[in-house]
Each structure stands twice: as C-alpha cells, then as structure tokens.
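Side chains included, hydrogens not; waters and symmetry mates left out as well; all remaining heavy atoms used.
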Amino acid sequence: MRDRLLQLIAFLILAGFVGILFWRVPRVDLGFLFFITLAAAGYDFFLYNRRR
C-alpha cells in the first residue's frame, strides 16, 4: 500500500512538472513529447505491478 502511494505521488509530481512546463512553453511538438512521457509513466504506474 505504501509503495502504491509513493508511486502515485511521484506520478502526480511528474504530471505537475510536465503540465507547468507545457503551460509556459506551449508548442505542439513538446505537447506530443509530454503526452508520450505521461503515457509511459501511467502505463508503468497502472499496469506494471498488477502482475503480482
């Protein structure tokens, strides 16, 4: 449970950082890169530990 909470906090911090960066530098190509970054982190967060 504690590991899952720490993963969630880390994901939210990453999403916040990427969101602020995209807010300050609104470019389409960076938006795609940010989306791919959050998608990879989300995949890792939601699907990686479900195998156990």
Side-chain angles (χ1 to χ4, degrees):
M1 178 69 178
R2 193 170 106 203
D3 292 337
R4 196 76 166 155
L5 181 64
L6 289 175
Q7 287 175 341
L8 179 62
I9 291 170
F11 181 76
L12 291 176
I13 289 172
L14 176 66
F17 174 75
V18 167
I20 291 171
L21 189 58
F22 185 67
W23 183 269
R24 300 294 292 169
V25 186
R27 293 185 48 172
V28 175
D29 55 345
L30 285 178
F32 288 128
L33 182 65
F34 296 156
F35 176 74
I36 290 170
T37 301
L38 289 179
Y43 170 79
D44 186 42
F45 175 68
F46 289 111
L47 298 178
Y48 183 73
N49 286 331
R50 288 199 178 177
R51 294 182 206 158
R52 288 192 225 172

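- Applying the salt bridge (charged side-chain N to carboxylate O under 4.0 Å, His left out) rule to pairs touching residues 27-39 yields Arg27-Asp29, sequence neighbours excluded.
- As a member of the Ile/Leu/Val/Met/Phe/Trp/Tyr network built from side-chain separations under 4.5 Å, Phe35 groups with nothing else and remains a singleton.
- A continuous path of hydrophobic side-chain contacts links Leu38 to Phe22 [ILVMFWY only; heavy atoms under 4.5 Å].
- Listed by first then second residue, pairs satisfying side-chain hydrogen bond (donor to acceptor under 3.5 Å, both in side chains) with a partner in residues 10-24 number zero, not counting sequence neighbours.
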Please list every donor-acceptor pair under 3.5 Å in which a side-chain atom of residues 8-21 meets a protein atom from a residue at least two apart or in another chain.
none

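- Using a 4.5 Å cut-off between side-chain heavy atoms of Ile, Leu, Val, Met, Phe, Trp and Tyr, Ile36 forms no hydrophobic cluster with any other residue.
- Using a 4.5 Å heavy-atom threshold, the side chains of Phe34 and Leu30 count as touching.
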